[in-house]
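Contents: one structure, followed by commentary.
First the proteins, then the strands, lettered A, B, ... as listed; each starts at 1.
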Amino acid sequence: MKRRPWFLFTMLAFGFAFFYIPILSMIVYSFNGSRLATVWGGFSTKWYASLFSNRQVGAALVLSVQIALISATVATILGTMAGLALARFTKFRGRLLFTGMVTAPLVMPEVITGISTLMFFILMADWVGWPGSRGFTTITLAHITFSMVFVTTVVQARVSQSDRAIEEAAMDLGSRPWQVLWDVTLPTIFPAVLSGWLLAFTISLDDVVITSFTTGPGNTTLPLLIWSKVKLGVTPDINALATLIVLAVGAGVIIAGIVLNRAEARRARDERLAYRANE
Amino acid sequence: MPDQPAPFLRIDGVSKTFGTFQAVKDVSLTIAKGEIFALLGGSGCGKTTLLRMLAGFEEPTAGRIWLDGQDMTGVPPWERPVHMMFQSYALFPHMSVAKNIGYGLKHEKLTKDQRMARVREMLDLVQLTPFADRKPHQISGGQRQRVALARALARQPKLLLLDEPLAALDKKLREHTQFELMSIQERTGVTFIVVTHDQEEAMTLADRIAVMDKGQVKQVGAPGHVYEHPDSRFVANFLGSITQFPARVSSVATDRATVEVPAFGATVETGLIPGLAAGEALTLAIRPEKLTILREKPAGLNAIPGEIKDLAYFGKDSLYRVILPSGELISVHAVNAKREDNRPDWYDKIWLGFEPASAILLRD
């Protein structure tokens with residue numbers, strides 16, 4: 001008999017418990033009939049009802065998603081360009097400076113980025129009269145700035161791995177550099193671009209610190225709303241909201257898993273096909 | 001090879017420097033239309049850099065390249081009538097075999113039907129019609145190689161560059177593919193330039209080869225000529241096997257020279273090379289298959305005494321290592337043309353005979 005690695009199993013159990021018991025308890029308490037978040041008062045779905053009737057929450061969600069969509073898309077375009085440049089042009093004047101400037105937000109404390117962005121907007125407003133007020137535009141700009149680096153990193157890693165000869169082959173067959181980018185480079189790095197976009201989207205969607213510095217009156221994103229509500233004590237409707245978010249994320253992960261599994265199965269089948277094609 | 005080689009491709013004093021490293025040094029070559037020309041050399045000899053300059057991926061630091069009367073300086077890769085078959089094949093992974101082959105055609109003024117006809121013709125040429133809709137990862141290595149070839153030929157280039165075309169194939173497939181490449185070249189009439197480190201590949205494929213070393217072309221010629229008449233120790237050694245000995249010229253006559261070879265403990269007769277003078281120190285080289293193992297000292301041939309130290313019997317031929325009186329070793333290759341049981345054996349004292357013309361005198 002093999003000795004049971006009970007120590008490892010115990011550690012695993014504690015680890016999972018540490019991760020998931022809080023989430024589970026939150027889901028359970030979202031169905032709490034009591035007004036107090038920590039006292040069980042019987043099963044009820046009233047907090048979900050109150051959540052859906054809360055216009056504030058709906059507006060915050062819409063605002064968050066809008067900002068996340070726009071900032072992720074712009075950050076992906078800029079980040080992909082930066083990633084391509086860093087991976088493909090190994091030598092250009094100011095490369096080190098460029099690398100540093102692109103990746104700085106990765107190591108900069110968010111508070112610093114938030115404050116400096118705020119200062120910048122205030123100074124800009126003083127000098128050129130823009131932005132007149134802070135809100136949607138300033139939040140989006142700030143999100144683009146700090147989520148771009150994640151796209152850059154993902155894309156750069158992917159491009160460095162890919163075979164340069166593929167691009168040269170396209171060029172050799174008569175395509176100009178722009179066409180090569182469109183026909184060959186982007187399709188081959190597309191998975192990286194997509195995951196960069198998803199990363200930027202999630203980062204934007206749950207950001208509190210930078211958003212709180214760059215927002216203005218009347219522009220409350222969902223994380224900001226939750227944050228401000230929690231400051232006054234955790235209410236069960238926040239539990240309900242968080243439960244919905246967990247469900248949405250869980251569904252996303254499961255769908256992604258299924259898609260990946262299918263792709264893997266298809267790849268395995270293709271390989272068998274190629275093997276049989278061997279003379 | 002055409003009878004009158006027209007200067008179809010002229011490489012004129014081309015050099016390429018990367019930083020302080022000189023990859024290609026003052027290379028000049030002319031290549032005729034319809035020729036298969038091989039650039040042969042070890043890794044880092046500059047052959048790939050030269051090929052990339054022909055494709056337009058690198059600009060020469062000095063010198064010019066002329067193709068069919070047109071100066072290629074400053075012409076970007078996408079405007080050159082030169083296509084390349086990459087060593088990794090560089091197929092577009094997200095496109096089917098047919099799309100890969102047809103990719104270059106979208107830059108030509110063709111109707112959709114003409115384009116499809118050309119793709120079909122190419123698929124037929126490389127016998128891949130049943131695989132037209134497969135993706136590159138759904139076909140075998142040999143098939144990928146043929147897709148790469150068809151893709152490069154689809155636009156009917158003036159010049160096709162092949163970077164180690166057979167390196168990624170296994171041995172059995174390589175032999176077969178070699179002949180297929182030659183037959184495709186014959187049918188299409190496109191000028192081929194092949195870069196390879198494999199001398200057998202270069203010799204079987206090419207009409208002419210250029211042996212390169214350290215960025216320079218050491219020798220150019222038909223495979224047979226370069227093999228039999230190498231003009232440097234590097235080329236002699238790189239192409240086939242050869243044993244080399246230091247030697248000194250004793251005397252020069254009208255049609256032959258007498259050369260003293262300390263390793264042989266004797267003087268031998270050789271052919272002439274231009275400007276040979278008595279007293280000159282040079283290298284005498286001889287290929288294993290030019291030597292004959294004899295029981296008796298031969299008359300009318302150069303003869304060196306020796307003892308068999310090692311032998312490998314392959315059936316149709318044998319390889320011997322013979323130790324000379326000086327203690328140096330020489331390789332001998334013998335074809336077992338006759339059925340006999342009394343072949344030279346270990347420790348046999350024998351004589352090695354060779355024709356004066358078989359000895360190669362090398363200065364460089």
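- When each of Pro187(A), Ala165(A), Ser175(A) is checked for heavy-atom pairs under 4.5 Å with chain B, Ser175(A) comes out on top.
- The cationic group of Arg151(B) lies under 6.0 Å from the six-membered ring centre of Phe92(B) and within 45° of the ring axis, placing it in a cation-pi geometry.
- For Asp163(A), the part lying near chain B is the side chain, with the backbone staying farther off; criterion is any non-hydrogen pair under 4.5 Å.
- Donor-acceptor pairing under 3.5 Å is recorded for the side chains of Thr73(B) and Asp71(B).
- Look at Asp170(B) and Lys172(B) and you find no salt bridge, because none of the NZ, NE, NH1 or NH2 atoms lies under 4.0 Å from a carboxylate O.
- Neither the backbone nor the side chain of Met85(B) comes within contact range of chain A; no heavy atom of the residue lies under 4.5 Å from a heavy atom of that chain.
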(request) Quick one: do Ser204(A) and Ser71(A) satisfy side-chain hydrogen bond (donor to acceptor under 3.5 Å, both in side chains)? Show the steps, please. (result) CA-CA 7 Å; Ser204(A) 164; Ser71(A) 71; 3.3 Å; yes
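- Ranking Gln87(B), His107(B), Glu108(B), Lys135(B) against chain A, the residue ahead of the rest is His107(B), based on heavy-atom pairs under 4.5 Å.
- When only modelled atom types and interatomic distance are considered, Thr188(A) and His94(B) share no side-chain donor-acceptor pair under 3.5 Å.
- In this structure, the portion of Arg52(B) lying under 4.5 Å from any heavy atom of chain A is its side chain and not its backbone.
- Within the 4.5 angstrom heavy-atom criterion, only backbone atoms of Leu91(B) (N, CA, C, O) approach chain A.
- Only the side chain of Lys106(B) comes within less than 4.5 Å of a heavy atom of chain A; its backbone N, CA, C and O stay farther away.
- Partner of Lys16(B) under the side-chain contact (heavy atoms from CB on, under 4.5 Å) criterion, chosen from Val27(B), Thr49(B), Leu50(B): Thr49(B).
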